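Notes for the one structure printed next.
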There are 2 protein chains.
Amino acid sequence: MSWSRHGRDGDEGRGKGRRSYHHGNLREALIEAALDLIAAKGPAGFTVAEAARSAGVSPAAPYRHFRDRDALMADVARQGFERFEAFLKTAWADGRPDSFTALGNVGRAYLAFARTEPAYYSAMFEAGVPLDEHPELREAGDRSFAIVRKACEQLSETLPKDERPPALMMALHIWSLSHGIASLFARGDAGLRKLPMSPEDLLEAAVLIYLQGLGLGRP
Amino acid sequence: MSWSRHGRDGDEGRGKGRRSYHHGNLREALIEAALDLIAAKGPAGFTVAEAARSAGVSPAAPYRHFRDRDALMADVARQGFERFEAFLKTAWADGRPDSFTALGNVGRAYLAFARTEPAYYSAMFEAGVPLDEHPELREAGDRSFAIVRKACEQLSETLPKDERPPALMMALHIWSLSHGIASLFARGDAGLRKLPMSPEDLLEAAVLIYLQGLGLGRP
DNA sequence: CAGCTCATGTGAACAGCTTTTACATAAGGC
DNA sequence: GCCTTATGTAAAAGCTGTTCACATGAGCTG
């Protein structure tokens with residue numbers, strides 16, 4: 001919340017208590033405000049005007065930093081994918097202690113991200129930002145996917161060469177499963193379906209069964 | 001498109017060429033207009049005003065039939081779930097020729113619906129209609145899910161009693177997988193990710209591997 | 001058929017949103 | 001110290017959702 005404005009400190013950060021004409025860090029302040037709004041009212045409830053208000057600037061100011069509403073949303077999503085990638089990478093931990101366990105950790109991390117950062121997750125997957133008009137978004141998404149792909153590759157290679165399933169397909173399956181569970185049962189808290197078990201357990205069971213079917217049972 | 005207005009015919013249906021004061025079938029005309037708009041511009045692009053315009057009535061008229069924008073969207077989604085249920089039920093075909101094959105047909109039907117009715121699918125899963133405020137929506141969704149559950153039950157029962165996986169869990173897994181693939185790769189045509197295989201093949205492979213893992217390989 | 005009632009439409013209005021335009025301000029390099 | 005340029009404002013146009021009082025006419029009741 002303390003965006004600091006070029007290092008000078010003062011009593012800013014209290015909503016409209018801004019003194020200088022220039023904000024100093026409006027771009028990030030807007031993204032942060034957008035995140036709060038999306039978390040509170042869903043991706044459709046986010047408005048440029050309210051983000052501007054919450055950053056203490058006029059409704060026109062955001063357009064110095066973003067072409068339009070979609071561009072702001074796309075930037076939120078891009079930032080989300082970057083954090084997502086880092087989060088998954090940490091969970092994967094270069095395949096330690098073993099690729100089987102590590103892949104399970106990636107799955108849990110996927111759901112944990114959807115649950116603890118529902119605003120990012122919404123912007124990334126549910127805001128309907130057209131990927132064709134925001135190629136940087138697609139690339140950021142691909143980088144996240146690459147982690148899962150890498151994990152599947154490494155796990156697949158624990159099998160003898162002629163029994164290895166195609167890693168790309170595995171990755172697509174596990175990604176789809178995780179995304180399905182996340183968007184049906186594990187995003188935020190509003191308007192979601194109830195479940196007789198935790199989403200994490202549901203995903204873990206599915207992955208175990210799936211890997212069993214590939215001949216990749218627990219080592 | 002020819003809503004017929006109490007059976008009388010004339011040259012209506014040409015946009016604003018309506019003669020009588022009362023529309024006669026506004027409710028359904030609005031739902032149809034909403035579907036077209038959602039299909040064309042996504043769930044966020046749909047506006048009550050434009051739906052009213054396309055039905056040839058004033059912007060206030062829709063509020064005689066729907067409490068607000070969300071209520072209209074929820075009704076579209078409800079209708080979508082009803083068609084979805086019927087569609088899945090047909091694909092299931094009471095488990096013929098055998099429950100294994102029939103479950104595969106249900107999966108294909110799931111994706112086919114998402115692809116051929118992207119507007120319904122959007123309204124059902126991506127519009128962010130709060131389920132708590134529209135219980136009839138949740139119930140309609142549950143009825144669709146029940147088909148998948150039934151299919152899993154019947155397939156599970158082809159195994160000896162002590163080897164049967166819990167049908168509810170199976171159904172959740174397969175539903176999540178289908179939904180994940182549908183929303184990542186198989187809805188409409190805009191802004192989606194490319195795939196090295198058809199979504200149908202991707203899903204079929206996943207389900208086969210999953211069932212294999214449960215000890216439910218092809219009979 | 002006359003008349004009443006009620007569902008369903010209209011028009012006008014308000015508030016809020018997105019986005020553009022012309023103008024204001026200040027930061028930083030010459 | 002001045003000039004350029006990035007970044008802010010105010011005002012406006014054209015949308016939107018939604019509500020209000022009022023208009024219309026379909027169908028029942030007598």
Side-chain angles (χ1 to χ4, degrees), chain A residues 3-8 10 12 15-31 33-34 37-38 40-76 127-129 133, chain B residues 3-8 10 12 15-31 33-34 37-38 40-76 127-129 133:
Chain A
W3 52 68
S4 89
R5 226 184 69 237
H6 287 207
R8 289 185 48 212
E12 299 110 9
K16 332 231 154 192
R18 209 176 81 264
R19 274 202 213 91
S20 71
Y21 192 87
H22 284 30
H23 184 287
N25 211 1
L26 184 54
R27 194 186 168 88
E28 271 115 70
L30 287 171
I31 292 181
L37 289 175
I38 296 171
K41 304 189 289 186
F46 147 70
T47 69
V48 177
E50 195 161 351
R53 214 174 300 135
S54 127
V57 296
S58 80
Y63 293 87
R64 294 291 175 194
H65 299 270
F66 302 96
R67 195 166 39 75
D68 54 20
R69 202 195 101 113
D70 260 24
L72 210 179
M73 187 72 96
D75 225 59
V76 172
V129 183
E133 295 166 29
Chain B
W3 53 66
S4 88
R5 225 185 69 239
H6 288 206
R8 289 186 48 212
E12 299 108 11
K16 332 229 154 191
R18 210 175 81 265
R19 275 201 212 91
S20 73
Y21 192 85
H22 285 22
H23 184 288
N25 211 1
L26 183 54
R27 195 185 167 88
E28 271 114 68
L30 287 171
I31 292 181
L37 289 175
I38 296 170
K41 304 188 289 186
F46 147 69
T47 69
V48 177
E50 195 161 350
R53 215 174 300 134
S54 124
V57 296
S58 81
Y63 294 87
R64 295 290 176 194
H65 299 270
F66 302 95
R67 196 166 38 75
D68 53 20
R69 202 196 100 114
D70 260 24
L72 210 179
M73 188 72 96
D75 225 59
V76 172
V129 183
E133 295 167 29

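Please read these numbers as outputs of a predicted model, since none were measured by experiment. These numbers come from the heavy atoms of this one structure, side chains and all, not from hydrogens, waters or symmetry mates. Protein chains get the first letters and strands the later ones, always in sequence-line order, with residue 1 at the start of each.
- When every heavy atom of A:Ala55 is checked against every heavy atom of A:Leu26, the shortest pair comes out as CB-CD1, 3.9 Å.
- Across B:Ile31 and B:Phe66, no two heavy atoms sit closer than the pair CG1-CZ, 4.1 Å.
- Note on B:His65: a side-chain N or O is less than 4.0 Å away from OP1 or OP2 of C:dG9.
- Following rounding to the nearest Å, A:Arg64 (CZ) and C:dT21 (P) show an atom-to-atom distance of 11 Å.
- Separating the CZ atom in A:Arg27 from the CG atom in A:Asp75 is a distance of 4.5 Å, to the nearest 0.5 Å.
- Rounded to whole Å, atom C1' of D:dT16 lies 12 Å from atom NZ of B:Lys41.
- One interatomic measurement links the two molecules: CD of B:Glu28 to P of C:dT8, which rounds to 12 Å at whole-angstrom precision.
- Remark: P of C:dT8 and CZ of B:Arg27 are 10 Å apart, rounded to the nearest angstrom.
- Rounded to whole Å, the distance from CG on B:Leu30 to P on D:dG17 is 12 Å.
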Might you list the N or O atoms of the protein lying below 3.5 Å from N or O atoms in nucleotides 15-19 of chain C, with each pair's distance?
{"from": "C:dC17", "atom 1": "OP1", "to": "A:Arg53", "atom 2": "NH2", "distance (Å)": "3.4"}
{"from": "C:dC17", "atom 1": "OP2", "to": "A:Arg53", "atom 2": "NH2", "distance (Å)": "2.8"}
{"from": "C:dT18", "atom 1": "OP1", "to": "A:Val48", "atom 2": "N", "distance (Å)": "2.9"}
{"from": "C:dT18", "atom 1": "OP2", "to": "A:Val48", "atom 2": "N", "distance (Å)": "3.3"}
{"from": "C:dT18", "atom 1": "OP2", "to": "A:Ala49", "atom 2": "N", "distance (Å)": "2.8"}
{"from": "C:dT19", "atom 1": "OP2", "to": "A:Tyr63", "atom 2": "OH", "distance (Å)": "2.9"}
{"from": "C:dT19", "atom 1": "OP2", "to": "A:Arg69", "atom 2": "N", "distance (Å)": "2.9"}

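- The nearest whole Å value for the distance from the CZ atom in A:Phe66 to the C1' atom in C:dT20 is 18 Å.
- Atom CG in B:Leu37 sits roughly 14 Å away from atom C1' in D:dT16 (whole-Å rounding).
- Candidate nucleotides C:dT10, D:dT7, D:dT9 were compared by shortest atom distance to the side chain of A:Val57, and D:dT9 ranks first.
- Taking each heavy atom of A:Ala51 and A:Leu37 in turn, the nearest pair found is N-CD1, 3.7 Å.
- Of all the heavy atoms in A:Phe46 and A:Ala34, the pair that sits closest is CE1-CB, 3.7 Å.
- A salt bridge between A:Lys41 and A:Glu50 is present, with a side-chain N of the basic residue lying under 4.0 Å from a carboxylate O of the acidic one.
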